[in-house]
Amino acid sequence: MNPLLCGLAANPALPAELVDRLIALAVATPEPDFSDPAGHLADVLVWRLDERTDLGPAQVAALAARDEDTAARLARTGHLRAADVDPAVWPLAALALLDEGRGLPEWARRFAADPDPCVRGRLASCPGLPPEAEDTLASDPDPGVAAELALWTTSPPVAARLARHPHAEVRRAVAFNEAVPPAALAALLTGDGLEPARSCLVCDSREIPFTHNPYCPDAECDLLPGAACDGTHGSTLHDTWQQALSNPATPPAAVAAFAEHPSMLLRRAVAEHPGLPAHVYAHLAEDPVPGVRAALAQNPGTGPEVSRVLAADPDVEVRRAVARHPRVPFEVLARLTPTTRLGPHPLPRISAATAEELAEAAASAHGRVRRLVGQRHDLPPELRDALAADPDASVAKAVAPHPGLSPERLRAMVTLHGEQVLAGVAANPDAPGELLAELARHEPPVRRALREIASHPNATAEALLPCLADGKARVRAAAHPALPPVVVVELLADADPAVVEAAAGNPALPPAVMADLMP
């Protein structure tokens, strides 16, 4: 791959005539060939070019003519419209437009009768299909096509029909779909009123009884590890139960019956269901498997009693899951913070907290609780400013990227906490160029701060130049439009191909240099 040409292909300032020259180079190798360096370069150039937003109709047509995959990508990115596509010539582009909701209904009817099951399978995953196309796909002789429709259809009657399909793989797929009527989902679990499936992928291709080797050496084999059938389609039935138990549309009574099933996977699926009676959740809180308790801990259907019990769980992953519950009581969070690392991102409970709850938590005597509040970056201004002045460096670090902080407050945070908050301050969208330059000159350098500065829209040349000393920041800085053109040109000869590509894609690169780089 030529990083210079790939960078140029993505450069938003590349003149139209140079875009034409790159397109001509890219389409010179009509068939993708990853074993040939020239073919590989052409592929990458096409990928970069079809992501441009300034392509004209003639340029789009030239790229689309290269191969069908390119035409399909151009359709997805909006360069090709339905009026531009003949489904007989570019079927993949037409399918891409159908998948994006911009195709024509007659295309769906055409592809539903296509002799290629791969085409019918792609169509089955498209949204908003005409009823007659869905009806045809639901009766498709290939169970893979019907299974794909079962996953994605939003029509309850079609979904209910597929839940009675004679092939177990279709039932497994439909069990995931929330459009299936609750009664049909319950029947998948209980079998009531439902004829047994006649076949599955295992007995379609193997003499039963058969259990697939999890370490199967056959590269051509497409059975899942552990797939098994003795005539009852055991592994597929188990997977169907697991999908139906996890489906929030499945009636709670049918789900609760599996709370004591020997399979840990099924009990975990029960623990994820949001609509069960409280006594079922209380029972699952005592499950011997931590994975089941962790699934239960963040289930939005459980109440505060379960959160309080699991907050004392000996397994750290269970306690972390409690913290991710959207309605976990604040006092439970306060108990968790001293013993459990909860990560740098806002917890669902913090994101959903009211202004009064946030103010109460921000006044906590525990710095870790105040830090959780600081991770939310849409705080009321007075609360944000109070946390920015917090004496605990971890609290200030959490709130430092918060938009709206004044340059004076950002500087005060650096003065008070030094290196501990530098990266957060550098990531603040309102940090001015002068401050970013001061942070970039900090001794010793703070690498995470340099990487934030290198991609900051307010960074000046003075702030960017020190970033070139860090490997990761160097790549980001090479693409920054505020970098002096003379430096951008120098970076075209860098030893790191990623830096070269970033510099070639920098809009500050002089047009004359762009032209000189063209083959």
Side-chain angles (χ1 to χ4, degrees), residues 151 171-180 182 185-186 188-190 214 224-226 234-337 339-352 372:
L151 277 172
R171 297 186 184 187
R172 183 197 66 79
V174 83
F176 178 84
N177 193 328
E178 295 182 26
V180 183
L185 287 168
L188 289 173
L189 291 174
T190 64
L224 294 174
S235 62
T236 310
L237 181 62
H238 180 278
D239 291 348
T240 301
W241 287 348
Q242 185 177 354
Q243 298 283 21
L245 292 170
S246 297
N247 194 325
T250 304
V255 175
F258 284 76
E260 298 184 15
H261 196 278
S263 168
M264 177 275 292
L265 294 176
L266 298 186
R267 297 200 309 277
R268 186 173 66 184
V270 175
E272 294 170 348
H273 198 282
L276 302 183
H279 69 87
V280 177
Y281 291 139
H283 175 74
L284 290 168
E286 300 175 356
D287 195 279
V289 179
V292 175
R293 303 196 303 274
L296 177 69
Q298 58 185 345
N299 184 336
T302 63
E305 296 79 10
V306 170
S307 293
R308 291 188 177 95
V309 169
L310 295 179
D313 197 280
D315 189 276
V316 66
E317 292 303 325
V318 176
R319 300 198 301 274
R320 286 187 181 129
V322 172
R324 292 191 289 269
H325 191 287
R327 292 189 304 278
V328 59
F330 269 105
E331 79 270 9
V332 173
L333 277 181
R335 284 168 47 198
L336 286 171
T337 52
T339 60
T340 311
R341 295 173 66 90
L342 302 180
H345 304 295
L347 296 171
R349 181 65 179 92
I350 298 296
S351 298
L372 293 177

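Here T337 pairs with nothing under the side chain to side chain donor-acceptor pair (under 3.5 Å) rule; sequence neighbours left out. For L265, the side-chain contact (heavy atoms from CB on, under 4.5 Å) partners two or more places apart in sequence, or in a different chain, are H238, Q242, S263, R268. With sequence neighbours excluded, the residues satisfying salt bridge (Lys or Arg N to Asp or Glu O under 4.0 Å) with E317 are R320. Residues satisfying the ring-ring contact (aromatic ring centres under 6.0 Å, His included) test with F176, not counting sequence neighbours, are none. By the side-chain contact (heavy atoms from CB on, under 4.5 Å) test, A186 pairs with P251, A254, sequence neighbours left out. A search for side-chain contact (heavy atoms from CB on, under 4.5 Å) contacts involving A285 returns L296, L310, not counting sequence neighbours. Contacts of N299 classified as side-chain contact (heavy atoms from CB on, under 4.5 Å), with partners at least two apart in sequence or in another chain: P274, Y281, T302.
Closest of all the heavy-atom pairs between G226 and S235 is O-CB, 4.0 Å.
Residues in residues 323-332 take part in these salt bridge (Lys or Arg N to Asp or Glu O under 4.0 Å) pairs, two or more places apart or across chains: R308-E331. For residues 340-352, the pairs satisfying salt bridge (Lys or Arg N to Asp or Glu O under 4.0 Å) are R349-E357, with sequence neighbours left out. A salt bridge (Lys or Arg N to Asp or Glu O under 4.0 Å) check over residues 269-296, counting only residues at least two apart or in different chains, returns the pairs R267-D287, R293-D313.
With rounding to the nearest 0.5 Å, the separation of CH2 in W241 from OG1 in T236 is 12.0 Å. Rounding to the nearest 0.5 angstrom, the gap separating the CG atom in L245 from the NE2 atom in H261 is 9.0 Å. To the nearest 0.5 Å, the span separating NE2 on H345 from CG on L372 amounts to 13.0 Å. Once rounded to the nearest 0.5 Å, the distance linking CZ of R171 with OG1 of T240 reads 8.5 Å.
Within the 3.5 Å criterion, the main-chain N or O of L185 finds no donor-acceptor partner in the side chain of T250.
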Can you list the steps and then say if L333 with I350 is a side chain to side chain contact (heavy atoms under 4.5 Å, CB included)?
-> CA-CA 10 Å; L333 277 181; I350 298 296; 4.3 Å; yes
